[in-house]
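First the structure, in the form of structure tokens, and then the observations on it.
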Amino acid sequence: AGDAVGFDVQALAALNERRVRLALQPIVRTLSREPAFHEALLRVGQGENGLYFASAELIPMLERRGLVRLFDHRVLELAIELLDEDPALVLSINVSPRSLADPEWLDAFIACTGASAGKASRLIVEVTETATIENPARMAKLLGRIKQQGARIAIDDFGAGHTSLRHLRAFPIDILKIDGAFTQNLRRSTDDRFYVRTLVDLAGHLGVETVAEWVDDEMQAA
């Protein structure tokens with residue numbers, strides 16, 4: 001419990017000391033290799049006590065401690081600032097299921113994007129596939145509200161949660177991000193190649209763009 005309380009104190013200190021930053025990872029087009037957009041990844045800079053968390057371990061811990069909503073608010077603010085500074089920038093932000101379930105996050109999103117539709121159209125909200133499974137009707141309504149603001153919707157880690165096609169069609173999705181577990185062994189696994197091809201075809205049929213995660217070399221890209 002002491003460790004958890006220490007984590008809470010440090011996490012809140014990071015917010016108060018404005019040590020929460022965004023690292024931008026380019027998502028590139030298959031043919032041209034030009035960036036289509038950048039994914040904004042949460043990073044927390046070191047404080048006086050020298051503790052540093054990478055995103056992979058930070059997000060689950062923030063979710064367990066009920067602090068993820070505060071960080072998602074800050075990520076939204078930082079993303080809007082970056083879109084203000086660079087009119088050519090297109091950004092995606094990851095939003096935790098806990099934040100999506102919180103009316104305050106949606107209010108903040110509407111306030112941030114309501115001031116300028118131009119900014120909203122350069123923003124992509126990423127939701128994990130597992131978040132859509134719990135309460136599909138409520139989630140579809142919520143994603144619809146986000147779309148009304150002019151933003152796009154991406155489903156992250158797709159394929160990991162076994163969503164059905166019918167389920168997929170119920171959501172106002174623009175981008176499907178194929179889980180890296182299916183792309184990392186494309187060279188060796190004919191099953192994975194078949195599965196990824198099927199997902200890409202399915203997305204194309206639905207008029208949805210696809211992003212493949214964890215593509216590390218030319219052979220996988222091909």
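Note: hydrogens, waters and symmetry copies are ignored here, and every other heavy atom, side chains too, is used. Since we're looking at a predicted model, the values are computed, not measured.
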Where do L12 and L70 land on the side-chain contact (heavy atoms from CB on, under 4.5 Å) test, with the steps shown first?
CA-CA 9 Å; L12 293 171; L70 298 173; 3.7 Å; yes
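- Side-chain contact check for V196 versus L186: some heavy-atom pair is nearer than 4.5 Å.
- The same ILVMFWY cluster, assembled from side-chain heavy atoms under 4.5 Å apart, contains both F109 and V20.
- The distance from atom CG of N94 to atom CG of D72, rounded to the nearest 0.5 Å, is 8.5 Å.
- Under 3.5 Å, the side chains of E126 and S92 contain a donor-acceptor pair of N or O atoms.
- Side chains of Q220 and T183: no donor on one and acceptor on the other come within 3.5 Å.
- Across all their heavy atoms, R122 and A88 have their closest contact at NH1-N, 4.2 Å.
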Could you check L41 against L22 for side-chain contact (heavy atoms from CB on, under 4.5 Å), going step by step and ending with a plain yes or no?
CA-CA 5 Å; L41 301 168; L22 298 179; over 6 Å; no
Side-chain donor-acceptor pairs under 3.5 Å in residues 77-85, sequence neighbours left out?
from: E77; atom 1: OE1; to: R74; atom 2: NH1; distance (Å): 2.8
from: D84; atom 1: OD1; to: K119; atom 2: NZ; distance (Å): 3.0

Would you sort out whether V90 and H38 count as a side-chain contact (heavy atoms from CB on, under 4.5 Å), showing the intermediate values?
CA-CA 6 Å; V90 179; H38 286 76; over 6 Å; no
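- Under a cut-off of 6.0 angstrom, the local environment of CZ in R187 is crowded, with over 12 non-hydrogen atoms contributed by other residues, nucleotides or ligands.
- With rounding to the nearest 0.5 angstrom, the OG1 atom of T198 is 10.0 Å from the CD1 atom of I178.
- In this structure, OG1 in T132 is found 11.5 Å from CG in D156, a value given to the nearest 0.5 Å.
- Side-chain atoms of F158 and D179, non-hydrogen and from C-beta on, never get closer than 4.5 Å to each other.
- Using a 4.5 Å heavy-atom threshold, the side chains of L91 and L89 count as touching.
- Between E39 and K177 a salt bridge is recorded (basic side-chain N to carboxylate O distance below 4.0 Å).
- Taking 4.5 Å as the limit, some side-chain heavy atom of D157 sits within range of a side-chain heavy atom of E213.
- Considering only heavy atoms from C-beta on, V208 stays 4.5 Å or farther from F171 through its side chain.
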Starting from the C-alpha separation in whole Å, work towards a yes-or-no answer on side-chain contact (heavy atoms from CB on, under 4.5 Å) for T210 and I175.
CA-CA 6 Å; T210 44; I175 299 166; over 6 Å; no
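- Taking 4.0 Å as the cut-off between side-chain N and carboxylate O, R98 and E104 do not count as a salt-bridged pair.
- The backbone N or O of N185 sits nowhere less than 3.5 Å from a side-chain atom of S189 that would complete a donor-acceptor pair.
- When every heavy atom of M61 is checked against every heavy atom of F7, the shortest pair comes out as CG-CZ, 3.2 Å.
- Smallest separation of non-hydrogen atoms from T128 and P97: OG1-CG, 4.3 Å.
- Scanning both residues, R138 and L100, for their nearest heavy atoms gives NH2-O, 4.0 Å.
- Across A203 and L176, no two heavy atoms sit closer than the pair CB-CD2, 4.0 Å.
- Taking 4.5 Å as the limit, some side-chain heavy atom of L67 sits within range of a side-chain heavy atom of D8.
- No side-chain donor from either of D216 and Q184 sits under 3.5 Å from a side-chain acceptor of the other.
- Atoms CD and CZ, on E209 and F37 in that order, are 8.0 Å from each other to the nearest 0.5 Å.
- Looking at F71 and I59, their side chains never come closer than 4.5 Å, going by heavy atoms from C-beta outward.
- The CZ atom of R145 sits 12.0 Å away from the CG atom of L143 when rounded to the nearest 0.5 Å.
- Of the possible donor and acceptor atoms, none in the side chain of R69 sits under 3.5 Å from a partner among the backbone N and O of G66.
- Here the closest non-hydrogen pair linking A13 and R19 is C-NH2, 3.7 Å.
- The CD1 atom of I146 sits 9.0 Å away from the OG1 atom of T113 when rounded to the nearest 0.5 Å.
- Side-chain contact check for V95 versus V127: every heavy-atom pair is 4.5 Å or farther apart.
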